[in-house]
Each structure stands twice: as C-alpha cells, then as structure tokens.
**Student:** 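Below you will find the structure I want to go over with you.
Indexing begins at 1, ligand by ligand and atom by atom, following the structure's order.
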Amino acid sequence: MKTLIEPFKIKMVEQIKQTTPKQRHQILKKAHYNLFSIRAEDILLDFLTDSGTGAMSDRQWGAIMVGDEAYAGSRSFFKFEEAVRTITGFKHIIPTHQGRAAERILFSLTVKKGLRVPNNTHFDTTRANIEYNGGEAVNLVIPEGKIPSLVHPFKGNMDVGRLAELLERHHARVPLGMITITNNSGGGQPVSMANIRETSRLYKKYGVPFFIDACRFAENAYFIKLREPGYQDKALVDIAREMFSYADGCTMSAKKDGLVNMGGFLALNDDNLAMNARNMLILTEGFPSYGGLAGRDLEALAVGLEEVLQEDYLRYRIRTAEYMGERLLAAGISIIRPTGGHAVYIDAKDFYPGIPAEQLPGQVLVCELYQRCGIRSVEIGTVMFGKKNPKTGQTVPAPMELVRLAFPRRVSTQSHFDYAVEAIIDTFRDRDRARGMKIVWEPPFLRHFTAHFAPLD
Ligand code: F0G
C-alpha cells in the first residue's frame with residue numbers, strides 16, 4: 001500500500017474551537033500581532049512547537065496510575081533509569097524537569113569566563129546557559145547546513161575541519177564539546193553516525209568530554225537508518241545506542257523524543273561530575289530520584305522512550321514533514337530542504353520578495369497564516385535574532401527569515417496537514433497583497449516572546 005496511515009487509533013479527543021477570519025483579526029490586533037500572546041484556545045492548528053505538545057499513549061496514561069511518589073528511591077525512578085540506560089548506556093542518570101535544567105546544571109559546573117563550547121548549532125537555551133556562565137557558544141555546522149535550498153542527507157553535521165582547528169588551537173579552553181541531534185536551529189537536520197564518530201574522535205584526542213544534546217535522538221536515529229549506508233537493517237535502538245556510545249554524556253529535553261509533556265535528564269559517565277551535578281540538582285530541582293518530576297512523570301517517560309523508537313511511529317513522523325514539504329515545493333514555495341524531523345521551515349524572504357528584512361517578512365507570514373486560517377507558527381528571523389545597532393537604532397537583520405511549523409507528536413491527522421498546506425498555498429497566492437510590519441514596543445531581552453507589532457500603513 002502506498003498510503004501511510006497514522007500508526008495509532010484515537011481514544012480520547014480534544015475539541016478545537018473554530019473561529020472566523022474576522023474574529024481572528026480582532027484577536028490578533030488585541031495580541032499586538034504577537035502569536036505568543038494569543039490564547040491557545042483561539043488557535044485551530046498549533047504548530048508553535050513540538051516541545052511538550054505531544055499526545056501520550058494509553059500505555060503512558062496507564063503507567064501514570066502506577067507512579068510511585070516516594071521522595072527517595074521511588075520505584076518509578078528505577079524504571080526511568082533503566083529505560084534511559086538501555087538506550088544511552090550512561091552510568092549516571094539524573095532527572096530534571098526539562099532540557100534547560102540539565103543544561104544549567106551541566107554548564108554551571110563546567111563553563112567559566114573565557115571558555116568555549118563548540119556544537120553544530122547551539123539551541124537558544126544552550127547558548128544562553130553557556131553565556132550566562134561567561135562562556136562562548138561556538139556553532140560549527142557544515143557550510144551546507146546554512147543554505148536552505150541545498151539538499152544534503154546530513155545537513156546537521158559538524159564541520160570537523162573547523163572543529164579540529166578550534167581544538168588544536170584552543171583545547172585548553174574547551175571544557176566540553178557538544179553535538180545536537182537533530183540540529184533544531186538548522187532546520188531539524190540530522191547528523192550522520194560517521195560524523196558523530198569523527199566528532200567524538202576529535203574531542204577524545206584533545207581530552208574534551210563529549211555531550212550530546214539528545215532532544216530528538218530517535219528522529220536522528222531514523223534518518224541514519226534511512227540514509228546512511230550500513231544501517232538499513234539495524235534496529236533503531238541499536239542505532240541510538242551506537243550514537244550515545246561515542247559520547248560521555250547527554251542533556252535531554254524529554255518533551256520531544258521522550259513523548260511526554262514535561263521532563264528531561266542529564267546522563268553522564270564521570271563520577272565526580274555526576275556527584276556535583278546531583279548536589280546542584282538537590283539545590284534547585286529536587287532529590288536525585290525525582291529531580292523536579294513526579295513519580296508518575298518518570299513512569300510515562302520510561303514508556304515514551306520505548307515507544308519513540310518504534311519504526312512505524314518514526315516512519316509516519318518523518319514522512320509527515322516530508323509530505324508537507326513536497327506539496328509546498330510543488331506549489332513553488334521555498335523551504336529548508338530536505339525537510340527535517342520535527343518541522344517544516346518556510347523561507348519567508350523568498351515567500352515575500354517585496355518585503356525587506358527590516359519589515360519582518362517572517363512575522364508577516366506568521367500573522368497571515370493565523371488570521372486567514374487559524375494556524376500558529378513561529379518566526380525565526382529578524383524578530384528573533386535581529387539586532388539593533390546601538391548607534392544608529394537601525395535593525396541589523398538575521399541571516400535568514402524563516403517561519404517554522406513544528407509538529408506536535410501523534411496529535412494531528414493527515415487532514416490537518418492537508419489543511420495547513422492549503423492554507424500556506426492560499427496565502428502564497430495572495431502574497432502581493434501583504435504589507436510589512438514594524439515593532440512598536442520591545443523588551444530588553446528575548447524580544448520575540450513579548451514584543452508588540454503593527455502593520456505598516
Ligand atoms: N535543545 C534543543 C535542541 C531544543 O530544541 C530545546 C527546546 C532544548 C534544548 C531545551 O529544552 O525546552 O525542555 O528546556 N526546544 C523547544 C523548541 C523549546 O520549540 O524547539 P527544554
């Protein structure tokens with residue numbers, strides 16, 4: 001059969017509220033054209049993020065009922081620990097409430113002023129936690145990873161040449177090195193096993209501990225199975241194990257490939273670092289057998305980690321983004337190619353060639369998609385990453401103007417995606433009528449979350 005079906009049945013449904021374009025116009029205006037300020041109830045299809053937005057299975061909900069809420073030594077902790085160890089093989093497994101909590105603990109113990117942490121591309125919170133500790137977050141993705149239209153099977157790969165150079169010159173100032181699988185900030189692009197192996201070899205050569213940012217490790221494992229010679233007949237869990245075998249530890253936001261709504265962990269082999277991490281955990285997250293989570297959360301996570309490596313699930317998951325991508329490309333819409341694991345990224349600069357970066361084409365598209373069709377997406381361009389020149393007050397545009405539609409796991413049906421495709425194509429056909437936007441108010445940091453916008457006259 002050519003039709004790929006969702007590999008699940010729906011047992012419980014959540015109603016989505018229908019609104020009219022006229023109502024959405026008012027809602028958008030009231031939210032100052034910032035989609036973070038819109039109530040989720042007023043959204044038809046919410047593609048803001050794939051983080052913590054997935055649907056749990058009946059097995060996960062069942063596991064929740066047997067959660068052991070003991071403060072210390074909970075049975076649920078040991079189930080969680082075993083599930084993580086089966087996949088990662090790491091010695092110490094420390095639960096945290098989400099990914100950035102693991103990052104904060106790891107970097108506060110390792111990063112100081114003057115130190116550098118390389119990665120293919122640091123996620124925002126990873127970068128922010130490194131910088132908060134005085135360090136420098138260095139991005140070393142391969143050049144192909146920065147060209148949206150260029151097709152490459154592993155666009156998330158580390159530029160090992162540049163990494164070798166950095167380590168040769170500065171290894172004494174590199175307290176740890178990372179790689180992010182998949183590379184979210186670069187379009188959810190995978191990293192090949194060969195590249196993980198080579199990155200690991202380089203870090204080892206210079207005695208630099210290697211940590212994987214593992215949020216979307218299962219999606220990465222599936223891409224390796226699809227695209228890397230020698231892995232076609234391997235079980236996904238074995239591919240995952242091999243990826244982790246090259247590293248000394250990982251940080252994980254289980255809100256992605258843990259298939260839970262909240263959770264994360266830090267896993268590592270170094271005894272001393274683990275001891276310090278647990279002490280830090282006690283200070284801010286909780287006792288090491290729960291670390292900011294309830295026993296029931298740990299149960300659901302243990303099941304989620306098993307389900308996320310099921311081949312039927314990953315085939316459907318990766319195919320969803322690919323299917324949307326194919327249809328958008330066929331309509332002449334530029335996207336990051338090939339599509340990654342968790343999202344489709346539209347090139348808003350190309351979508352609106354008449355709207356210059358200073359007039360925020362990504363924000364225009366995000367607002368248009370909401371107002372016309374009730375879809376929430378997120379701008380990843382000049383609103384998020386643009387800077388203001390302190391002398392001239394002029395906006396310095398971001399290198400790319402992207403709009404991300406990230407897909408919650410196991411939440412939407414094919415017709416939801418067909419609707420989204422139709423909405424985007426419809427908006428594209430009307431692109432000549434769109435006007436630019438401006439920022440009318442912004443906070444001192446992370447402006448995209450709360451800034452106020454207005455359409456240009
Ligand atoms: N690393 C990566 C690669 C991520 O994508 C995220 C979160 C984190 C770390 C932080 O994890 O949110 O659990 O603290 N990404 C979400 C997103 C927020 O929308 O891409 P967290």
**Student:** Can you list the ligand 1 atoms lying under 4.0 Å from a non-hydrogen atom of K255?
**Tutor:**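 So the answer, numbered in order with elements, is 13 (O).
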**Student:** Going by heavy atoms, is R404 under 4.0 Å from ligand 1?
**Tutor:**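 The answer is yes, since R404 has a heavy atom less than 4.0 Å from ligand 1.
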**Student:** Under 4.0 Å between a side-chain nitrogen and a carboxylate oxygen: does that hold for R319 and E326?
**Tutor:**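 Salt bridge: yes.
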**Student:** Go through the structure and list residues passing ring pair (Phe, Tyr, Trp, His ring centres under 6.0 Å) with F47, not counting sequence neighbours.
**Tutor:**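 For F47 the ring pair (Phe, Tyr, Trp, His ring centres under 6.0 Å) partners, ignoring immediate neighbours, are F407, F417.
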**Student:** Students should be able to answer this: which protein heavy-atom is nearest to atom 21 (P) of ligand 1, and at what distance?
**Tutor:**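 Of every protein heavy atom, Q98 NE2, 3.2 Å lies nearest to atom 21 (P) of ligand 1.
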**Student:** Show, in sequence, the C-alpha distance, side-chain angles and deciding distance for F210 and Y203, and conclude whether the ring-ring contact (aromatic ring centres under 6.0 Å, His included) test is met.
**Tutor:** CA-CA 6 Å; F210 173 27; Y203 285 141; 5.2 Å; yes
**Student:** Do any heavy atoms of H342 fall under 4.0 Å from ligand 1?
**Tutor:**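 No, that is not the case, since the closest heavy atom of the residue is not under 4.0 Å from the ligand.
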**Student:** Which residue holds the protein heavy atom closest to atom 10 (C) of ligand 1, what is that atom called, and what is the gap in Å?
**Tutor:**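 Protein heavy atom at minimum distance: T125 OG1, 3.5 Å.
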**Student:** With heavy atoms under 4.0 Å as the rule, classify the contact between R100 and ligand 1 as side chain, backbone, both or neither.
**Tutor:**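 Both the backbone and the side chain of R100 come within reach of ligand 1.
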**Student:** Using a strict threshold of under 4.0 Å (side-chain N to carboxylate O), is an ion pair present between R197 and E242?
**Tutor:**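 Yes, charged N to carboxylate O under 4.0 Å.
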**Student:** Could you note down all residue pairs passing salt bridge (charged side-chain N to carboxylate O under 4.0 Å, His left out) where residues 298-309 supplies at least one of them, sequence neighbours left out?
**Tutor:**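 Every salt bridge (charged side-chain N to carboxylate O under 4.0 Å, His left out) pair that includes a residue of residues 298-309, provided the two are not neighbours, is R59-E306, R59-E307, K79-E299, E307-R410.
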**Student:** Which residue and atom name correspond to the protein heavy atom nearest atom 20 (O) of ligand 1, and how close is it?
**Tutor:**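 Scanning the protein heavy atoms, the shortest distance from atom 20 (O) of ligand 1 goes to N184 ND2, 2.9 Å.
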**Student:** Quick one: look up the protein heavy atom nearest atom 9 (C) of ligand 1 and list residue, atom name and how far away it is.
**Tutor:**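 Its nearest protein heavy-atom neighbour is E103 OE2, 3.1 Å.
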**Student:** One thing to verify: whether K17 and D42 come together as a salt bridge, which I'm taking to mean a side-chain N less than 4.0 angstrom from a carboxylate O.
**Tutor:**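 Yes, charged N to carboxylate O under 4.0 Å.
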**Student:** Is it the case that ligand 1 has an N or O less than 3.5 angstrom from some N or O of T49?
**Tutor:**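 N/O-N/O distance below 3.5 Å exists for this pair.
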**Student:** What atoms of ligand 1 come closer than 4.0 angstrom to any heavy atom of T180?
**Tutor:**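 The atoms of ligand 1 under 4.0 Å from a heavy atom of T180 are 3 (C).
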**Student:** Does the pair R216/D257 count as a salt bridge with the N-to-O cut at 4.0 Å?
**Tutor:**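 Answer for the salt bridge query: no.
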**Student:** Taking the basic N atoms (NZ, or NE/NH1/NH2) and the acidic carboxylate oxygens, is any pair closer than 4.0 Å for R296 and D68?
**Tutor:**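 No.
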**Student:** What residue and heavy atom of the protein are closest to atom 15 (N) of ligand 1, and at what distance?
**Tutor:**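 Looking only at protein heavy atoms, the one closest to atom 15 (N) of ligand 1 is K256 NZ, 3.0 Å.
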**Student:** Determine, using heavy atoms of C215 and all atoms of ligand 1, whether some pair is separated by less than 4.0 Å.
**Tutor:**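 C215 counts as a contact of ligand 1 under the 4.0 Å cut-off.
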**Student:** Hey, which atoms in ligand 1 end up nearer than 4.0 Å to a heavy atom of G99?
**Tutor:**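 Heavy-atom distances to G99 below 4.0 Å select 11 (O), 13 (O), 14 (O), 21 (P).
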**Student:** Does K225 make a cation-pi contact with Y222 (under 6.0 Å, within 45 degrees of the axis)?
**Tutor:**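 Ring-cation test returns no.
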**Student:** List the closest protein heavy-atom neighbour of atom 18 (C) of ligand 1: residue, atom name, distance to the nearest 0.1 Å.
**Tutor:**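 Protein heavy atom with the smallest distance to atom 18 (C) of ligand 1: F123 CZ, 3.8 Å.
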**Student:** May I ask you to identify the nearest protein heavy atom to atom 1 (N) of ligand 1, giving residue, atom name and distance to one decimal place in Å?
**Tutor:**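 Protein heavy atom with the smallest distance to atom 1 (N) of ligand 1: D213 OD2, 2.7 Å.
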**Student:** Among K256, R404, H122, find the residue that satisfies the side-chain hydrogen bond (donor to acceptor under 3.5 Å, both in side chains) test when tested with N184.
**Tutor:**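 Single pass found, and it is R404.
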**Student:** Which residue supplies the protein heavy atom nearest to atom 13 (O) of ligand 1, what is that atom called, and how far is it?
**Tutor:**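 Among all protein heavy atoms, the one nearest atom 13 (O) of ligand 1 is S253 OG, 2.6 Å.
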